[in-house]
Amino acid sequence: MDKNITIVISLLIILIMLAGLFFFKFGFTGKSVVEQNADIIALSAEHKSKIIDIISSSEIIKDIPNGKVISLRFFDFVNGERIWQDEFLLTNNQSQHQLLGENASQPEIYITLHSKYISEITNNNLCEVLKKANKNRDLGFYSEYNKAVLLIKYTGMLKYRECLGV
């Protein structure tokens, strides 16, 4: 009888270990948003220019802590599939507002926004548009850091918490 219990316990432990391995290897990590290798469709020159102008004058961007980087990536849907568009590197350093490139710093926060909201955004209503996008499930937020760590690192941005859907 003891031999049978030992075998059953051993099998249960093996199954639990395999389930854990499967979950950690294939579980939901959020990295698919960040690391997805897919074709990127560029935003129009008009939309890029508008985003850069808004970034340059936005209070939200000016409150990003020194040395911290936030990624803002736009997307659209074509035939029911998400199509990624341009991604912008956001820092409080005006000279770094650019498309992400090979030499770009690694962002700590990733924000995705449906490109249909670009036409609605102005310098004065960025927060309201982000709230609307969040309500319509068109705003995404991802970070590998937990909320406690983000709270410590981005304390100065707490006033924008509702805007970013966090």
Side-chain angles (χ1 to χ4, degrees), residues 23-24 27-101 104-166:
F23 177 78
F24 287 113
F28 297 105
T29 63
K31 291 183 180 180
S32 62
V33 170
V34 177
E35 298 174 357
Q36 185 176 18
N37 293 326
D39 292 334
I40 296 174
I41 297 175
L43 292 169
S44 70
E46 179 184 342
H47 280 164
K48 284 182 190 178
S49 177
K50 184 174 185 175
I51 294 302
I52 290 169
D53 287 345
I54 290 168
I55 288 170
S56 298
S57 62
S58 172
E59 290 299 316
I60 294 175
I61 305 306
K62 291 176 184 173
D63 285 341
I64 295 174
N66 290 333
K68 302 301 179 198
V69 180
I70 297 175
S71 166
L72 173 62
R73 175 172 256 178
F74 291 91
F75 65 89
D76 197 0
F77 286 99
V78 176
N79 298 325
E81 281 189 54
R82 183 184 303 242
I83 304 296
W84 291 109
Q85 296 179 305
D86 290 314
E87 185 171 20
F88 295 85
L89 174 67
L90 309 178
T91 71
N92 68 358
N93 180 351
Q94 296 295 322
S95 66
Q96 297 215 5
H97 294 216
Q98 60 187 354
L99 290 173
L100 283 175
S105 300
Q106 186 67 29
E108 293 183 339
I109 296 174
Y110 297 86
I111 298 171
T112 58
L113 178 63
H114 197 297
S115 59
K116 69 184 179 185
Y117 295 97
I118 294 173
S119 60
E120 296 180 35
I121 298 173
T122 67
N123 290 335
N124 299 324
N125 75 347
L126 180 59
C127 186
E128 287 79 22
V129 172
L130 292 176
K131 285 180 185 180
K132 178 181 176 182
N134 189 38
K135 182 180 176 185
N136 294 332
R137 304 183 78 189
D138 289 329
L139 179 71
F141 180 91
Y142 169 75
S143 178
E144 290 187 10
Y145 297 99
N146 65 38
K147 288 185 179 182
V149 171
L150 291 176
L151 178 65
I152 293 168
K153 289 184 171 197
Y154 294 87
T155 302
M157 295 188 73
L158 275 177
K159 58 188 165 192
Y160 307 111
R161 190 172 149 166
E162 288 182 24
C163 299
L164 301 173
V166 183

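Below, all heavy atoms of this structure are taken into account, side chains as well, without hydrogens, waters or symmetry copies.
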At their closest point, which heavy atom of [X] faces which heavy atom of [Y], and how far apart are they?
X	Y	result
Leu43	Lys48	O-CE, 3.4 Å
Asn66	Asn92	OD1-ND2, 2.7 Å
Ala148	Asn146	N-OD1, 3.0 Å
Lys159	Gly156	CE-O, 3.9 Å
Leu130	Leu113	CD2-CD2, 4.0 Å
Glu108	Tyr154	OE1-OH, 2.8 Å

Rounded to the nearest 0.5 Å, what's the gap from [atom1] on [X] to [atom2] on [Y]? Could you check?
X	Y	atom1	atom2	result
Phe77	Arg82	CZ	CZ	4.5 Å
Glu120	Lys132	CD	NZ	3.5 Å
Gln106	Ser71	CD	OG	9.0 Å
Ser44	Ile118	OG	CD1	7.0 Å
Asp63	Tyr160	CG	OH	3.5 Å
Phe141	Leu150	CZ	CG	5.5 Å

Any donor-acceptor pair under 3.5 Å from Ser56 side chain to Ile52 backbone: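 Yes; judged by distance alone, with no hydrogens or angles, the pair exists.
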Main-chain N/O of Ser115 paired with Asp76 side-chain donor or acceptor, under 3.5 Å: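 Flag not set: sc Asp76 to bb Ser115 has no pair under 3.5 Å.
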Report yes if some heavy atom in the side chain of [X] is under 4.5 Å from a heavy atom in the side chain of [Y]; otherwise report no.
X	Y	result
Thr112	Trp84	yes
Tyr145	Lys147	no
Cys127	Glu162	no
Met157	Ile109	no
Ile54	Lys50	yes

His114 ring center near Phe74 ring center (under 6.0 Å):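 Not close enough - the centres of the two rings lie 6.0 Å or further apart.
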